[in-house]
Every structure is written in C-alpha cells, then in structure tokens.
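None of these values were measured; they are calculated from a predicted model.
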Amino acid sequence: MARQQDPPPQGLSGQLTGTRLSRDFFREDVLDVAPALLGATLTHAGVTVRLTEVEAYAGEQDPGSHAFRGPTPRTEVMFGQAGHLYVYFTYGMHWCANVVTGVEGEASAVLLRAGEVVDGRETAAARRPGIAERDWARGPARLALSLGLTGEHTGLDACEVGGPASFHAPTQHVPASRIRTGPRVGVAGLGGDAASYPWRFYLDGERSVSAYRPAKPRRRRAEA
DNA sequence: CAGTTGATTCGCT
DNA sequence: GCGAATCAACTGG
C-alpha cells in the first residue's frame, strides 16, 4: 500500500495543531515527556483534545505505577514501545488512557488526565450527552470517553503514520511559567507519601483543570 | 464552590 | 476476596 500522508487533524482550516509528535519524542524520560505534552493535542475517532493535565508513572521503580510489580497481561504494553497507548479499566466502569514513554522495557507512561475539546465538538457532544462542555474531558475517564478510547485501543501506536491516533505539538509555545506540578491524584501504594512524587503536571489557570483535591481518607459512615 | 456517596467489573494476592 | 491512576448526582453554603 502506498505510503499514507499524515492525516490532517481535522477540520479547523488551519493551525489548531502543530507538528506531529514522533516516536523519538516519547522515547525520552517520562519526567521530560509529561510536561512537554501540556498544550499538545491528541486526535482519535473524530475528536481532538488539547491536553491540560497529565501524570508521570515511572515503571517498575514507581510504587504508584501499574508496572511496579513487573509485567502482567494487563501491563505488558507498558513494557513495549514508546508512543503506544495503554488504556486500562478501573472502578468497574471507567477507561483511562496513557501513552508509553522511554526506552523499551522501561514501562514508564504518561496518564492523560484532562484537556479541552478543540475539534470534533459535535462528536464529543454526542459522546457526553447532558454534560457541560467544560467537563467533556475534565478527568481521565471523561477524556478517554470524549476521544472514544477503550480497552480495544490499548497497544494502539499513536506514532504510526496514517494510524487512527496521533499527537501534535502545541501551536503556540507553552511558557514554563504556566506549568505547575503537584502530587498525583488518587494513587494507591504510596502509603500516604504521594507528595514525594510530585509528578502531576498541569497548566495553570485552565478551566479543564480543577485545583488539587487531597484524597481524603474515606470516613466510614457515622461513628456512633 | 466543597463535600459525600453509590455504582460496578477487573486484576491481582 | 479486596480495592481500584473515577464519575455523576446530590447536598449544603
């Protein structure tokens, strides 16, 4: 088959997205890739989301990572090639999407936590019936839903030219002063030490990013 | 706005 | 079995 052109990120007679992110971009250290993804876009299934919040997970060295206890059928893709998607199921009902980073075997990945829909709004609206636009991709499960990403898409190579998913760099430079960091959200296995891993990165002042909410230990209902 | 709660399936011990 | 990288709906301010 003839070599396909990089599919234009849809609609938007122009410059909503920058150059496509290559596999080399994702092969770098996850702590470098994660902040560099802020302001970048992910396009899949007719919708483009501009990323405003991500989290870094550093493979087998990271007690918060699904890869911490080594490869399993679920996490196998994390140990593979950078630029592939790792989409996992949680809380009995939600899908969340990551992109694998680093060298093969390292199992690091960036969780895509929030963004704003910048193209394919009709499609996104249909996928998020009755939900306010600012909430369409606010939160990892909502973001995956807006993009139509589920477990079927785990292992999908977002760097494959002509493939169904692609990342593109921000059109405008994102100043470092707009990037904030903080503890990761809802991560178990850290023994309350989430603050030791300030690997959540977000753009300050974005409506699609809510302020950090400490995960309050769930108080078992009504004492006495 | 902040805080609380039930929903519901899978992965791993 | 247990608990999860969460969400939507609801309450009260």
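The shortest distance between the side-chain N/O atoms of R138(A) and the OP1/OP2 oxygens of dT6(C) is not below 4.0 Å. Remark: R200(A) is not in phosphate contact with dA5(C), judged by side-chain N or O atoms under 4.0 Å from OP1 or OP2. Contact annotation: H66(A) side-chain N/O to dA5(C) OP1/OP2 distance is under 4.0 Å. A sub-4.0 Å separation between OP1 or OP2 of dA8(C) and a side-chain N or O of R128(A) is present. Neither OP1 nor OP2 of dA5(C) sits under 4.0 Å from any side-chain N or O of T90(A).
Pairing each heavy atom of H66(A) with each of T75(A), the nearest pair is O-CG2, 3.4 Å.
As the counterpart of dT8(B), no nucleotide is assigned, since no Watson-Crick or G-U wobble pattern has both distances under 3.5 Å.
Between F26(A) and F167(A), a ring centre-to-centre spacing shorter than 6.0 Å is recorded.
Aromatic ring orientation, H44(A) versus H153(A): perpendicular (interplanar angle above 60°, classes split at 30° and 60°).
Between the P atom of dA4(C) and the CE atom of M93(A) lies a distance of 14 Å, rounded to the nearest Å. If you take CH2 of W136(A) and P of dC7(C), they are 17 Å apart, rounded to a whole angstrom. Spacing between atom CG of L111(A) and atom C1' of dT6(C) amounts to 11 Å, rounded to whole angstrom units. Atom pair F68(A):CZ and dT13(B):C1' shows a separation of 15 Å (rounding to whole Å applied). What separates CH2 of W95(A) from P of dC10(B) is a distance of 8 Å, to the nearest Å. Y57(A) has its OH atom 12 Å from the C1' atom of dA4(C), to the nearest Å. Rounded to an integer number of Å, the gap from N98(A) CG to dT6(C) P is 11 Å. Rounded to an integer number of Å, the gap from CZ of R113(A) to C1' of dT6(C) is 9 Å.
No side-chain donor-acceptor contact under 3.5 Å links R128(A) to the backbone of E133(A).
Under the 4.5 Å side-chain heavy-atom criterion for Ile, Leu, Val, Met, Phe, Trp and Tyr, V174(A) and V30(A) are members of the same hydrophobic cluster.
For Y88(A) against dA5(C), a side-chain-to-base donor-acceptor contact under 3.5 Å is present.
Taking the side chain of Y86(A) as heavy atoms from C-beta on, and the options dA5(C), dA8(C), dC12(B), the nearest nucleotide is dA5(C). Checking dT6(C), dT9(B), dC12(B) against every side-chain atom of T75(A), the shortest atom distance belongs to dC12(B). Counting only heavy atoms from C-beta on, R69(A) has its side chain closest to dT13(B) among dT13(B), dA5(C), dT6(C). In the set dA8(C), dC12(B), dT6(C), dC12(B) carries the atom at the smallest distance from any side-chain atom of T72(A).
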